[in-house]
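Whatever order the structure lists ligands and atoms in, that order sets their numbers, starting from 1.
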Amino acid sequence: MIDLRSDTVTRPTPGMRRAMAEAEVGDDVYGEDPAVRELEERFADLMGHEAALFVPSGTMGNQIGMRLVCEPGQEVLCDADAHVVTYEMGAAAAVFGISTRTVVTGGRLDAAQLVEQVRGRDDWHLTATAAIAVENTHNRGGGLVQPLDQLEQLFAWSREHDVAVHLDGARLVNASVASGVPLATYGRLADTASVCLSKGLGAPVGSVLVGSAARIAAGRLWRKRLGGGMRQAGVLAAAGLYALDHHVERLATDHEHARLLAERLGVDPARVETNIVVVEDVAAPMVAEAAKAEGVLVSQVDARRLRLVTHLDVDKAGVERAADVVAGLIAR
Ligand SMILES: Cc1ncc(COP(=O)(O)O)c(C=O)c1O
């Protein structure tokens with residue numbers, strides 16, 4: 001099977017598995033796991049923040065991150081297609097009493113459009129907007145990279161208006177490799193940011209949340225409260241460390257493969273900036289089903305849209321084979 005449903009389907013490589021097996025570990029709830037500490041220190045540094053917290057998933061990283069910048073009864077403002085409101089099971093409301101409000105952006109950040117919707121804290125009638133959540137790259141937007149000037153404008157505005165910024169950077173490393181913008185540049189334009197190890201980076205589990213030392217200390221309590229305090233988690237952190245050393249530059253290959261798919265499937269190349277390709281105006285259920293019968297797995301965004309995601313478990317030959325199969329089915 002050539003599995004292009006998501007970059008979360010990757011399996012740890014032999015080298016990564018060796019690194020996991022050889023990890024020096026301790027009890028991380030006691031703060032004694034050397035591999036977890038190393039991963040957290042490296043991420044804090046890479047992202048230009050004081051501290052970092054290893055969490056089991058991107059969802060936990062996002063939800064704790066938002067809780068650290070938004071009190072119950074306040075709201076987080078974000079794009080209508082953002083992962084934090086689409087795929088996280090209403091956690092902000094269900095777990096933290098956080099309200100969310102959405103703006104239709106199409107996935108590309110427009111700072112002015114969001115800022116216009118912010119509601120201040122001094123009005124007795126309105127729910128106050130405590131934070132804005134930004135997604136980079138944007139998953140449902142087809143892996144779009146957020147423009148640096150818009151991120152800068154948003155952050156500069158937020159400093160003057162007492163509004164925080166949370167960054168869902170599940171695929172921030174893809175954004176950085178595609179744009180050439182250092183991770184720390186993106187990181188410094190957010191108060192809290194979550195980055196996934198288990199997507200394009202190829203680790204089996206884990207995300208890292210960064211922020212100020214005080215916020216991350218509070219985040220550590222929230223992680224424990226939510227059951228995310230892991231013990232000898234160094235076996236997982238070791239996979240993340242290995243990914244940082246071996247799987248970053250190679251993301252450019254995934255992006256190249258995505259462009260190749262776009263070309264073959266008639267997708268506007270301007271919409272393919274990283275490793276996600278969304279094919280529009282197709283009979284998605286039929287194509288997905290028939291492709292599966294030919295050994296190619298793709299996902300359906302909805303009845304008319306398919307999504308293909310490139311990653312380290314599918315090489316160029318696999319991508320070409322998938323393009324042949326899917327292009328053939330679309331042309332039917
Ligand atoms: C943009 C984005 N944010 C967050 C997540 C959540 O990650 P996890 O599945 O580890 O909870 C994902 C997962 O696909 C994602 O695409």
Exercise. Between Arg250 and Asp254, does at least one N-O distance fall below 4.0 Å, as a salt bridge requires?
Worked result: yes
Problem set entry | Asp79/Arg140 salt bridge by N-O under 4.0 Å criterion | no
Exercise. If we only count N/O pairs under 3.5 Å, is Thr137 in contact with ligand 1?
Worked result: no
Problem set entry | Distance-only donor-acceptor check, side chains Thr59 and Tyr87, under 3.5 Å | no
Exercise. Under 6.0 Å from the six-membered ring centre of Tyr186 and within 45° of its axis: does the NZ or CZ of Arg188 meet both?
Worked result: no
For this session: Report, in ascending order of atom number, the atoms of ligand 1 lying under 4.0 Å from any heavy atom of Gly58.
Result: 6 (C), 7 (O), 8 (P), 10 (O), 11 (O)
Problem set entry | Salt bridge Asp245-Arg42, side-chain N to carboxylate O under 4.0 Å | yes
Exercise. Is it true that Lys199 lies under 4.0 Å from ligand 1, counting heavy atoms only?
Worked result: yes
Exercise. Between Glu88 and ligand 1, does any nitrogen or oxygen pair lie at a separation below 3.5 Å?
Worked result: no
Exercise. Which ligand 1 atoms, with their elements, are less than 4.0 angstrom from a heavy-atom of Ala170?
Worked result: 1 (C), 2 (C), 3 (N), 4 (C), 15 (C)
For this session: Run the salt-bridge test on Arg231 and Asp27 with the 4.0 Å N-O cut-off and return the result as yes or no.
Result: yes
Exercise. Given that the side chain starts at C-beta and the backbone is N, CA, C, O, which of these parts of Ser57 lies under 4.0 Å from ligand 1, counting heavy atoms, or is it both or neither?
Worked result: both
Exercise. Tell me, which protein residue and heavy-atom name are nearest atom 3 (N) of ligand 1, and how many Å apart are they?
Worked result: Asp168 OD2, 2.7 Å
Exercise. For Arg67 and Asn62, what are the C-alpha separation, side-chain angles and deciding distance, and is it a side chain to side chain donor-acceptor pair (under 3.5 Å)?
Worked result: CA-CA 9 Å; Arg67 177 61 185 87; Asn62 279 335; over 6 Å; no
Exercise. Taking Asp28 for the side chain and Gly31 for the main chain, is one N or O donor matched with an acceptor at less than 3.5 Å?
Worked result: no
For this session: Measure His138 to ligand 1 on non-hydrogen atoms and call it side chain, backbone, both or neither using the 4.0 Å cut-off.
Result: neither
Exercise. Can you tell me which residue and heavy atom of the protein come closest to atom 15 (C) of ligand 1, and the distance to 0.1 Å?
Worked result: His83 CD2, 3.1 Å
Seminar exercise, completed: When distances are taken from atom 11 (O) of ligand 1, the protein heavy atom at minimum range is Thr59 OG1, 2.6 Å
Exercise. Backbone, side chain, both or neither: what part of Glu135 comes under 4.0 angstrom of ligand 1, heavy atoms only?
Worked result: side chain
Problem set entry | Location of contacts on Asn62 toward ligand 1, heavy atoms closer than 4.0 Å | side chain
